[in-house]
Chemist: 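Here it is: the structure, laid out below.
Chain naming here is simple, since letters A, B, ... match the order of the sequence lines and numbering starts at 1 in each.
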Amino acid sequence: MKITALNGFKDIVPGEVELWQKVETAARDIFSRFNFSEIRMPILEKTELFARSIGETTDIVEKEMYTFIDKQITMRPEATASLLRAYIQHGLHVQKPVQRLFTIGPMFRHERPQMGRLRQFHQMDVEVIGAQNPRVDAELMAMGAMLLEELGVTVSLELNSLGCPACRPGFRKTLLDFIEDRYEALCDDCKRRSNTNPLRVLDCKNPSCRAQVVEAPSIQEHLCQECSDHFAVVQKGLQQLGVSYSLNKFMVRGLDYYTRTTFEFITGDLGAQAAVGAGGRYDGLIEQLGGPKVPGIGFALGMERLVLLLQQKKGAETVQGEMDLFVAGLGETASHFVFPLVHALRRKGLQVAMDHEGRSLKSQMKQANKAGAHYVLIVGEAELEQGQAVLRNMDDQKQTDIEIGTGIDKLSQSLLEICKPLDKFSDILTKRI
RNA sequence: GUGGGUGUAGCUCAGCUGGUGGUAGCACCUGGUUGUGGCCCAGGAGGUCGUGGGUUCAAGUCCCAUCACUCACCCCA
């Protein structure tokens, strides 16, 4: 019986992993432009952490977490809770009034997999802790938009405010009254939702529910003065930064801790999984987890979804590797000579490969070609005797003789000089992706 | 947890109303070139037809079960 990866768990193989590297590299670049620092947390946490932050009655906590029940530990289903735990544990608020942190890594949820949704999935998570100013909300969204733009994926930004503990309960009541009048017209899921999480009724996909809900009261019109002012400045900030967005009064968040600003980067190209990234403000959460009374805001980008979008773009051919030099030794004597030479060249910084299987020159040339070698050094019995080898430029097919009787150090030095000027490796690689 | 679709070579897939698994494409290996890549040509290797039962003289094909994958619902990045 063949052993395969678990359902919902995926290998990222060569040819695909380059896209992931591209996404990560772009993200690290942008995050550092915005003065964020990386933080890495463990994947396992005490179950209680997630129950307290995400919400005891959310689907995630109730049925989607990978938990070792006997040990009361859980594989993180999202990053924010762990990151805040680390922030509190290390007293990072004392070091700086405002912490700008990001983390990249795997998350785990036991859901049924589908396009863009796996059981182990990867997020890039960004959090600003200690900043109250609504301009920071706008700045964060602008950063997300900038990253997505640089990656070349087209998304739209949708924005809403969920209010705060002062005004949300009032709206909730208003909404419940509205739903009450139409209860019988709603689908079974929405009937259930109206008890558990009435806001969820607003973004039901069922067309008849949508029709019912069109006239629903908008939370944006029921915000308290502070929340309303905050929301206005967020929008003003987005306009200042030239970030286009649209208001969506139906947008709701799945996690309990969100307050005020919430937003999603949406695409139409991923089937049912429209959100490429999403986040919002969580002003009470840090205190609730036993930390200082500071506000926070953040968002997460789904890496699988980003990679899928990149793959969908035209000309998304698999990335071809490159190397500086392939050394072809013909026969046992030549291979014996070449073996330490390859090592010496690698030590000097060249990307070098050789064949160890005693294959024909033709076969080795094929290997070199496939590997994207720019040069091939051919060392045969005849060359060895004459103290010479042939250096072939694979790009223009020109061959030159090169002295090899002078010792490996000198030989590798001259090869280094020939091969290195061509080393625009990283630029070329970046462009090809 | 609920529903639909699909399982044939490493990958993409043919295989009609049951009658010996495809000269299919890509990829791989070897040769055409006594020591020279890409293109072309020739050859080669690669399969318990997802698995287990059943019907039948005969099952990749029909039936049942099971597993896996996949899309959607729920939920969510």
Chemist: Is the shortest side-chain heavy-atom distance between Met124(A) and Val23(A) below 4.5 Å?
Modeler: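 Side chain of Met124(A) against side chain of Val23(A), heavy atoms only: contact under 4.5 Å found.
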
Chemist: Scan Asp137(A), Thr259(A), Thr262(A) and name whichever one has a side-chain hydrogen bond (donor to acceptor under 3.5 Å, both in side chains) with Arg281(A).
Modeler: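 So, applying the side-chain hydrogen bond (donor to acceptor under 3.5 Å, both in side chains) to Arg281(A) and each of Asp137(A), Thr259(A), Thr262(A), only Asp137(A) qualifies.
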
Chemist: Could you check if a side-chain atom of Thr80(A) sits within less than 4.5 angstrom of a side-chain atom of Tyr257(A), using non-hydrogen atoms only?
Modeler: yes

Chemist: Rounded to whole angstrom, note down the P distance from rG35(B) over to rC40(B).
Modeler: 25 Å

Chemist: Using side-chain heavy atoms (C-beta onward) and a distance below 4.5 Å, is Val294(A) in contact with Tyr87(A)?
Modeler: yes

Chemist: Would you measure the distance from the P atom in rA59(B) across to the matching atom in rC75(B) and give it in whole Å?
Modeler: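 48 Å, rounded to whole Å.
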
Chemist: Would you check, one step at a time, whether the test side-chain hydrogen bond (donor to acceptor under 3.5 Å, both in side chains) holds for Gln288(A) with Tyr282(A)?
Modeler: CA-CA 10 Å; Gln288(A) 183 191 320; Tyr282(A) 44 85; over 6 Å; no

Chemist: Give me the one residue out of Gln399(A), Gln397(A), His374(A) that meets side-chain hydrogen bond (donor to acceptor under 3.5 Å, both in side chains) with Arg392(A).
Modeler: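 Checked Gln399(A), Gln397(A), His374(A) against Arg392(A); only one passes side-chain hydrogen bond (donor to acceptor under 3.5 Å, both in side chains): Gln399(A).
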
Chemist: CG of Asn206(A) versus P of rG3(B): gap in Å, rounded?
Modeler: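 Those two atoms, CG and P, are 19 Å apart.
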
Chemist: Given atom CG of Leu199(A) and atom P of rC75(B), what is their separation to the nearest angstrom?
Modeler: 13 Å

Chemist: What I'd like to find out is whether the side chain of Leu285(A) reaches to under 4.5 Å of the side chain of Ser53(A), using heavy atoms alone.
Modeler: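 Yes, their side chains come closer than 4.5 Å.
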
Chemist: Using ring pair (Phe, Tyr, Trp, His ring centres under 6.0 Å) as the criterion, list what pairs up with Tyr66(A), not counting sequence neighbours.
Modeler: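 If we apply the ring pair (Phe, Tyr, Trp, His ring centres under 6.0 Å) test to Tyr66(A), skipping adjacent residues, the hits are His110(A).
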
Chemist: Which part of the nucleic acid, if any, lies within contact of Ala275(A), taking any heavy atom under 4.0 Å across all strands shown: a base, the sugar-phosphate backbone alone, or nothing?
Modeler: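 Touches sugar-phosphate only.
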
Chemist: Using atom C1' in both nucleotides, what's the gap between rG60(B) and rG19(B) to the nearest angstrom?
Modeler: 13 Å

Chemist: Identify, residue by residue, the members of residues 146-161 of chain A with a heavy atom below 4.0 Å from RNA chain B, and return them in order of residue number, or none.
Modeler: none

Chemist: How close do Ile402(A) and Ser414(A) get, counting heavy atoms only, and between which atoms?
Modeler: CD1-OG, 4.0 Å

Chemist: With the threshold set at under 4.0 Å for non-hydrogen atoms, list the residues of residues 58-69 of chain A touching RNA chain B in residue-number order.
Modeler: Asp59(A), Glu64(A)

Chemist: Could you work out the separation of rA68(B) and rA24(B) based on their P atoms and round it to a whole Å?
Modeler: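 Straight-line distance between the two P atoms is 33 Å.
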
Chemist: Glu111(A) CD to rC74(B) P: how many Å, rounded?
Modeler: 12 Å

Chemist: Give Arg192(A) one of three labels, base, sugar-phosphate or nothing, depending on what nucleic acid heavy atoms sit under 4.0 Å from its own.
Modeler: sugar-phosphate

Chemist: Taking atom CZ of Phe68(A) as the centre, does the number of heavy atoms from other residues, nucleotides or ligands within less than 6.0 Å exceed 12?
Modeler: no

Chemist: Across nucleotides 65-72 of chain B, 5' to 3', mark each nucleotide with B, S or - according to how protein heavy atoms within less than 4.0 Å reach it.
Modeler: ----SSSB

Chemist: Is there a side-chain contact between Glu139(A) and Arg100(A), using heavy atoms and a 4.5 Å cut-off?
Modeler: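 Sidechains of Arg100(A) and Glu139(A): in contact.
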
Chemist: Using the C1' atom on both, measure rC29(B) against rA9(B) and round to a whole Å.
Modeler: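 Approximately 15 Å lies between the C1' atom of rC29(B) and that of rA9(B).
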
Chemist: Do Phe102(A) and Phe36(A) make the cut of ring centroids closer than 6.0 angstrom?
Modeler: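 No - the distance between ring centres of Phe102(A) and Phe36(A) does not fall below the 6.0 Å cut-off.
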
Chemist: Mind calculating the distance between CG (Asp11(A)) and P (rG10(B)) to the nearest angstrom?
Modeler: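 Rounded to the whole Å, the gap is 17 Å.
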
Chemist: Quick one: are Asn393(A) and Thr400(A) in side-chain contact, heavy atoms under 4.5 Å?
Modeler: no

Chemist: Heavy atoms under 4.0 Å is the rule here; annotate nucleotides 31-40 of chain B 5' to 3' with B where the base is hit, S where only the sugar-phosphate is, and - elsewhere.
Modeler: -B--BBBB--

Chemist: Do we get Arg182(A) above Phe178(A)'s six-membered ring, with its NZ or CZ under 6.0 Å from the centre and within 45° of the axis?
Modeler: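 Flagged: Arg182(A) positioned over aromatic ring of Phe178(A).
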
Chemist: Using the closest heavy atom to pick a nucleotide of RNA chain B for each, name whichever of Asp189(A) or Ala300(A) lands nearer the 5' end.
Modeler: Asp189(A)

Chemist: Does NZ in Lys191(A) sit with more than 12 non-hydrogen atoms of other residues, nucleotides or ligands closer than 6.0 Å?
Modeler: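 It does: Lys191(A) NZ has more than 12 such atoms within range.
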
Chemist: Return the stems involving RNA chain B, sorted by first number, where pairs are Watson-Crick (N1-N3 with N6-O4 or O6-N4) or G-U wobble (N1-O2 and O6-N3), both under 3.5 Å, and runs are 3 or more long.
Modeler: B:1-7 with B:67-73, B:10-12 with B:24-26, B:28-32 with B:40-44, B:50-54 with B:62-66

Chemist: Write down the distance between CZ (Arg210(A)) and C1' (rC73(B)), rounded to a whole number of angstrom.
Modeler: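 Result: 14 Å.
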
Chemist: Using a strict cut-off of less than 4.0 Å between a Lys/Arg side-chain nitrogen and an Asp/Glu carboxylate oxygen, indicate whether Glu18(A) and Lys22(A) qualify as a salt bridge.
Modeler: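 Looking at Lys22(A) together with Glu18(A), the answer is no, because their closest N to O distance does not fall below 4.0 Å.
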
Chemist: Pick base, sugar-phosphate or nothing for Val276(A), based on heavy-atom distances below 4.0 Å to the nucleic acid.
Modeler: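 It contacts sugar-phosphate atoms only.
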
Chemist: With a 4.5 Å limit on heavy-atom distance, are the side chains of Pro106(A) and His122(A) in contact?
Modeler: yes

